[in-house]
Amino acid sequence: MENIEETAVVIVGAGPAGLAVSACLSLKSIPYILLEKEDCVAPLWKKHAYDRLHLHLAKNYCFLPFKPHSPSTPTYLSKDEFIQYIDDYVSDFDIKPRLSCCVECALYLEDERNWNILVKNYASNGIEIYRAQFLVIASGENAKGFIPEIEGLSEFKGQVIHSSEYKSGLEFHGKNVLVIGCGNSGMELAYDLANYGARTSIVIRSPFHVVSRELIRLGMFLLKYFPINVVDSLVTFGAKTMFGDLSKYGIHRPKEGPFFLKATKGRSPVIDVGTVSKIKTREIKVLPAVSSIKEDIVVFENGQRQAFDAIILATGFRSTACDWLEDYCYVLNDQGFPKNRYPLHWKGEKGVYCVGLSKMGLFGVSSDAEQTANDIAKLLHAETDNSKGKYN
Ligand SMILES: Cc1cc2nc3c(=O)[nH]c(=O)nc-3n(C[C@H](O)[C@H](O)[C@H](O)COP(=O)(O)OP(=O)(O)OC[C@H]3O[C@@H](n4cnc5c(N)ncnc54)[C@H](O)[C@@H]3O)c2cc1C
Ligand SMILES: NC(=O)C1=CN([C@@H]2O[C@H](COP(=O)(O)OP(=O)(O)OC[C@H]3O[C@@H](n4cnc5c(N)ncnc54)[C@H](OP(=O)(O)O)[C@@H]3O)[C@@H](O)[C@H]2O)C=CC1
Ligand SMILES: O=C(O)C(=O)Cc1c[nH]c2ccccc12
């Protein structure tokens with residue numbers, strides 16, 4: 001029994017979401033334990049993001065609770081500036097995450113009315129058990145890279161990496177590289193590869209919106225005053241004027257608008273960083289879906305075949321919360337996202353909360369964290385009348 005540590009709240013994941021909840025709880029003097037499986041905070045940003053990354057949204061949409069960005073930072077922060085902000089956040093709020101602690105199982109015991117959390121400590125190689133009244137799922141929408149099933153992929157003769165392992169195009173100079181996936185990662189990695197002198201191709205298999213970051217900024221502002229369909233029409237008109245008809249290059253726009261798709265399906269518009277002009281000049285070649293791979297040859301759905309030295313899978317990410325949360329179905333769907341629809345997504349039953357799973361970026365992270373901490377504080381205060389000082 002003595003090796004079970006008790007606290008009010010256990011938070012799984014020390015990315016921006018876990019850190020934001022920690023800060024909010026700490027300001028309310030609510031005890032918590034923050035568990036992170038990797039050896040640093042915000043590893044998505046520190047270890048799994050490419051060098052040239054800048055935030056796509058202006059800084060007034062990308063801050064955590066109680067710490068707006070300094071006026072001296074640029075409107076669109078670089079990866080390093082955002083990491084500095086995160087590190088400052090950790091010291092400002094005196095957050096002490098337990099690193100290299102991977103949550104393997106979280107189970108709610110009805111008779112105890114507590115969460116029991118089983119943790120593998122990679123540093124000590126031991127197993128630890130925590131007990132808490134509240135559990136916060138802050139393990140992220142991007143917990144693992146998604147590797148699609150493509151016939152022959154595992155036998156491909158060249159290098160295969162996921163976008164989360166890509167740093168820069170330096171090592172690909174002069175090579176034939178295929179980027180599979182045309183979300184924000186794929187489009188930006190293709191641009192970076194071409195800049196470094198790689199012969200670059202990108203697979204585009206579905207329609208998507210290409211916009212500029214200024215159009216998205218304008219759209220975010222207009223959404224405060226106008227309905228989504230009006231803003232979508234304006235932004236789409238702006239994007240068509242800016243980029244022209246891209247259908248002859250294999251880029252088609254969906255029927256639904258960019259903000260509508262973000263709000264309903266979580267699909268982000270692609271914010272162009274210069275890829276489109278490289279596609280127009282054919283410096284980046286657009287190819288259709290892959291049907292199979294044989295040795296170093298990739299066969300495409302139109303029958304075309306081409307040899308490549310490397311494949312970058314910019315095929316997105318998956319939530320892994322269902323892997324460690326027992327009986328997840330009362331709070332999560334099978335994809336590891338909240339079962340309740342926005343704006344009620346953040347609260348589950350039995351004292352479990354979802355922070356950062358609303359597909360609303362850092363803006364959503366902050367709002368979920370504040371609502372979660374407020375709710376926990378309310379429930380604890382209601383309780384203190386009956387049993388005082390349980391955690392102090
Ligand atoms: C390349 C890239 C760029 C992005 N740029 C922007 C942007 O400009 N603006 C924006 O708003 N959003 C952006 N996003 C979205 C971004 O994911 C979020 O804004 C932000 O990182 C989410 O924070 P999070 O804490 O929810 O998730 P994460 O940062 O993924 O943190 C989750 C943490 O949980 C840990 N974890 C997972 N499972 C366990 C476990 N079982 N036990 C212990 N720990 C665990 C992980 O190691 C991770 O550290 C970007 C995403 C990517 C991939
Ligand atoms: N600077 C920034 O702020 C950045 C932000 N981000 C954000 O991070 C999140 C993740 O982005 P990203 O990594 O691009 O992932 P996404 O999930 O947004 O995109 C994945 C892409 O891979 C495609 N894909 C998946 N499987 C296959 C397959 N078998 N064959 C061909 N294509 C396939 C998808 O196409 P389909 O639709 O057909 O399935 C889609 O185009 C997003 O929210 C994004 O906006 C990412 C990079 C930079
Ligand atoms: O980078 C992303 O994909 C994000 O999730 C940030 C984001 C939140 N809301 C948006 C609306 C349009 C474009 C990006 C985002």
Side-chain angles (χ1 to χ4, degrees), residues 1-36 64-67 89-90 92-98 101 103-119 128-139 321 324-332 337-358 364-392:
M1 270 299 188
E2 49 276 7
N3 58 356
I4 301 180
E5 206 169 331
E6 283 203 36
T7 187
V9 189
V10 160
I11 304 163
V12 186
L19 298 173
V21 189
S22 301
C24 294
L25 291 173
S26 171
L27 289 176
K28 293 175 187 298
S29 304
I30 298 172
Y32 68 87
I33 291 175
L34 172 62
L35 301 165
E36 168 55 52
L64 302 184
F66 310 109
K67 191 173 165 63
Y89 198 81
V90 170
D92 286 2
F93 294 97
D94 196 25
I95 300 170
K96 298 208 163 47
R98 302 202 182 180
C101 285
V103 173
E104 307 253 292
C105 177
L107 174 67
Y108 187 75
L109 294 181
E110 297 281 353
D111 52 344
E112 280 182 11
R113 298 177 69 203
N114 264 326
W115 285 94
N116 282 253
I117 297 122
L118 188 83
V119 170
E128 293 161 0
I129 299 173
Y130 297 87
R131 186 175 289 154
Q133 192 176 345
F134 302 100
L135 177 75
V136 177
I137 306 169
S139 48
W324 51 265
L325 185 62
E326 287 291 313
D327 307 324
Y328 61 81
C329 54
Y330 54 82
V331 56
L332 300 174
F337 282 89
K339 227 173 126 174
N340 290 340
R341 280 177 163 264
Y342 184 90
L344 303 172
H345 61 283
W346 55 276
K347 187 170 175 175
E349 293 164 37
K350 308 177 203 290
V352 63
Y353 297 85
C354 302
V355 177
L357 294 177
S358 69
V365 161
S366 287
S367 138
D368 293 351
E370 290 186 46
Q371 296 193 85
T372 295
N374 289 342
D375 198 65
I376 291 175
K378 198 176 75 191
L379 293 170
L380 282 175
H381 288 148
E383 241 175 42
T384 39
D385 295 339
N386 305 329
S387 68
K388 272 206 161 80
K390 189 173 174 188
Y391 305 103
N392 295 319

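From a predicted model like this one, the values you see are computed outputs, not experimental measurements.
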Q: Could you go through the side-chain contact (heavy atoms from CB on, under 4.5 Å) check for Asp327 and Tyr108 one step at a time?
A: CA-CA 9 Å; Asp327 307 324; Tyr108 187 75; over 6 Å; no

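- A pairwise comparison of heavy atoms in Ala369 and Ala20 identifies CB-CB, 3.6 Å as the closest pair.
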Q) Going through the checks in order, is the side-chain contact (heavy atoms from CB on, under 4.5 Å) test met by Leu25 and Phe93? A) CA-CA 10 Å; Leu25 291 173; Phe93 294 97; over 6 Å; no

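- Here the closest heavy-atom approach between residue Val331 and residue Cys354 is recorded as CG2-SG, 3.8 Å.
- Here the closest heavy-atom approach between residue Leu332 and residue Ala321 is recorded as CD1-CB, 3.6 Å.
- We find the CD-OG distance between Glu370 and Ser366 to be 6.5 Å, quoted to the nearest 0.5 Å.
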Q: Determine, stepwise, if the pair Cys24 / Phe66 fulfils side-chain contact (heavy atoms from CB on, under 4.5 Å).
A: CA-CA 8 Å; Cys24 294; Phe66 310 109; 3.9 Å; yes

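- Aromatic ring orientation, Trp346 versus Tyr353: parallel (interplanar angle below 30°, classes split at 30° and 60°).
- No donor-acceptor pair closer than 3.5 Å links the side chain of Asn116 to the backbone N or O of Leu109.
- With contacts defined as side-chain heavy-atom distances shorter than 4.5 Å, the pair Thr372/Phe134 does not qualify.
- Ionic pairing of Arg98 and Glu128 is not present here: no N-O contact between side-chain nitrogen and carboxylate oxygen is shorter than 4.0 angstrom.
- Evaluated for a side-chain hydrogen bond (donor to acceptor under 3.5 Å, both in side chains) with Gln133, the options Lys350, Glu383, Glu6, Arg113 yield exactly one hit, Glu383.
- Rounding to the nearest 0.5 angstrom, the gap separating the OG1 atom in Thr7 from the CD1 atom in Ile117 is 9.5 Å.
- Using cut-offs of 30° and 60° on the angle between ring planes, the pair His345 and Tyr342 is parallel.
- When the ring-ring contact (aromatic ring centres under 6.0 Å, His included) test is applied to Tyr130, no partner is found at least two apart in sequence or on another chain.
- Glu326 contributes atom CD, which lies 4.0 Å from atom SG of Cys105 (distance to the nearest 0.5 angstrom).
- A donor-acceptor pair is defined here as one N or O able to donate and one able to accept, closer than 3.5 Å; no such pair exists between the side chain of Lys28 and the backbone of Asn374.
- Across all non-hydrogen atoms, the minimal contact from Leu135 to Ala106 is CD2-CB, 4.0 Å.
- Shown here for Ile30 and Ala373, the closest heavy-atom pair between the two residues is CD1-O, 4.5 Å.
- Between the OG atom of Ser139 and the CD atom of Glu36 there is a distance of 10.0 Å, given to the nearest 0.5 Å.
- The shortest side-chain heavy-atom distance between Val103 and Leu325 does not fall under the 4.5 Å cut-off.
- Scanning both residues, Ala23 and Ile95, for their nearest heavy atoms gives N-CD1, 4.2 Å.
- Checked against Val355 for a side chain to side chain contact (heavy atoms under 4.5 Å, CB included), the options Ile137, Val12, Ile11, Asp368 give a single hit: Asp368.
- Once rounded to the nearest 0.5 Å, the distance linking CZ of Arg131 with CD1 of Ile4 reads 4.0 Å.
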(Q) Go through it in stages, so that I can follow the logic: the residues are Ser22 and Tyr32, the test is side-chain contact (heavy atoms from CB on, under 4.5 Å), and I'd like the CA-CA distance, side-chain angles, deciding distance and then a yes or no. (A) CA-CA 7 Å; Ser22 301; Tyr32 68 87; 3.5 Å; yes

